[in-house]
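Here's the structure, in structure tokens; my notes come after.
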Amino acid sequence: MNEAYESLLTRRSWRKFTNKLVPEDLIASIVKAGEYAASARGLQSPLIIKVSNPQLREKFVRANAAIMGRSEDFDPFYGAPVLLVVLVPADNSNGVYDGSLTMGNLMQAAHDLGLGSIWIHRAREEFETEEFKQFLIDVGVEDSWVGVGHCAIGWPDGPEPKAASRKPGRYIDADKVLGLE
């Protein structure tokens with residue numbers, strides 16, 4: 001079987017990471033894959049912001065946990081040392097779709113490089129707050145942006161998660177059903 005195809009079938013979301021640092025060259029490779037995601041009209045509008053400094057990461061942990069209604073000591077990112085936050089311009093009607101493709105590429109690239117990843121939501125709610133709007137200004141991002149997700153990445157800890165069985169009935173051959181073969 002083709003390696004790329006096999007990789008698509010074996011990527012899983014990890015919910016436990018070691019505290020081992022992820023080398024910058026691996027992060028750069030993952031980001032590059034995200035930048036190559038398909039985008040509507042070729043606009044390449046998604047923005048990826050890396051967060052790995054422990055104090056800055058903690059700011060995201062606290063905000064995300066609060067949005068969930070969890071205590072400040074809860075880590076919604078499962079200990080992953082790197083967050084790649086994907087945002088899209090608020091005025092892009094296809095932005096969330098483009099950002100979702102970017103997230104998929106980030107997670108797939110992490111898997112292909114031997115890292116674990118998981119998509120964590122609530123980026124939209126975070127970046128609707130004044131605190132995170134100011135964060136964008138502080139890192140030099142202007143205009144209005146919508147958070148799509150956090151790609152939490154790191155070295156997996158523990159056994160590889162097993163794939164859930166696939167739900168039946170998620171594919172319809174319209175040609176066959178309508179007798180148009």
Q: Kindly indicate whether the side chain of P81, heavy atoms from C-beta on, has any atom under 4.5 Å from the side chain of N19.
A: no
Q. Under 6.0 Å between the ring centres of Y78 and F17?
A. no
Going by atom type alone, with no hydrogens or angles, which donor-acceptor pairs under 3.5 Å involve a side-chain atom of residues 143-164 and a protein atom two or more places apart or on another chain?
from: W145; atom 1: NE1; to: E142; atom 2: O; distance (Å): 2.7
from: H150; atom 1: ND1; to: I120; atom 2: O; distance (Å): 3.0
from: H150; atom 1: ND1; to: H121; atom 2: O; distance (Å): 3.4
from: H150; atom 1: NE2; to: E126; atom 2: OE1; distance (Å): 2.7
from: H150; atom 1: NE2; to: E126; atom 2: OE2; distance (Å): 3.3
from: W155; atom 1: NE1; to: L21; atom 2: O; distance (Å): 3.1

**Q.** Nearest-0.5 Å distance, CD1 of residue I48 to CD1 of residue I27
**A.** 12.0 Å
(Q) Between R57 (side chain only) and A80 (backbone N and O only), is there a donor and an acceptor less than 3.5 Å apart? (A) yes
Q. Above 12 or not: heavy atoms from other molecules or residues under 6.0 Å from NZ of K16?
A. no
Q) Around F74, counting heavy atoms of other residues, nucleotides and ligands shown, do more than 12 lie under 6.0 Å from its CZ? A) yes
(Q) Do V22 and S52 have side chains that approach each other closer than 4.5 Å (heavy atoms only, starting at C-beta)? (A) no
(Q) Return the CD to CG distance between E35 and L106, rounded to the nearest 0.5 Å. (A) 9.0 Å
Q) Hey, what do you get for CG (D112) to CD (E6), rounding to the nearest 0.5 Å? A) 11.0 Å
Q. Any chance CD of E58 has more than 12 other-residue heavy atoms, nucleotides or ligands included, within less than 6.0 Å?
A. yes
Q) For the hydrophobic clusters of this structure (ILVMFWY residues joined by side-chain heavy atoms under 4.5 Å, transitively), does one cluster hold both I67 and V61? A) no
Q: Scan residues 89-103 for pairs that pass side chain to side chain donor-acceptor pair (under 3.5 Å), counting only residues two or more places apart or in two chains.
A: S45-N92
Q.
When you group the ILVMFWY residues by side-chain heavy-atom contacts below 4.5 Å and let the links chain together, are L84 and L115 in the same group?
A. yes
Q. Distance-only, no hydrogens or angles: does the S13 side chain make a donor-acceptor pair with backbone N or O of I118 under 3.5 Å?
A. no
Q. For the residue pair A109 and A33, what are the closest heavy atoms and their distance?
A. CB-CB, 3.5 Å
Q | R124 CZ to E128 CD distance, which is reported to the nearest 0.5 Å | A | 5.0 Å
(Q) Quick check for you: to the nearest 0.5 Å, what is the distance between F60 atom CZ and I49 atom CD1? (A) 7.0 Å
Q. Considering all heavy atoms of both residues, which atom of A110 and which atom of G116 are nearest to each other, and what is their separation?
A. CB-O, 4.4 Å
Q.
Tell me whether L56 shares a hydrophobic cluster with F77, the cluster being built from Ile, Leu, Val, Met, Phe, Trp, Tyr side chains joined at under 4.5 Å.
A. yes
Q.
Test of understanding: clusters of I, L, V, M, F, W, Y form through side-chain heavy atoms closer than 4.5 Å, transitively. Do V88 and V85 belong to the same one?
A. no
Q.
Does L178, at its CG atom, have more than 12 non-hydrogen atoms belonging to other residues, nucleotides or ligands within less than 6.0 Å?
A. yes
Q | Nearest-0.5 Å distance, CG of residue L8 to NE2 of residue H111 | A | 8.5 Å
Q.
With a 4.5 Å cut-off on side-chain heavy atoms, are R70 and P76 touching?
A. no
Q: Write out all pairs satisfying salt bridge (charged side-chain N to carboxylate O under 4.0 Å, His left out) with one or both partners inside residues 23-32, taking only residues at least two apart or from two chains.
A: E24-K50
**Q.** Within one Ile-Leu-Val-Met-Phe-Trp-Tyr cluster: L47 and V82, side-chain cutoff 4.5 Å
**A.** no
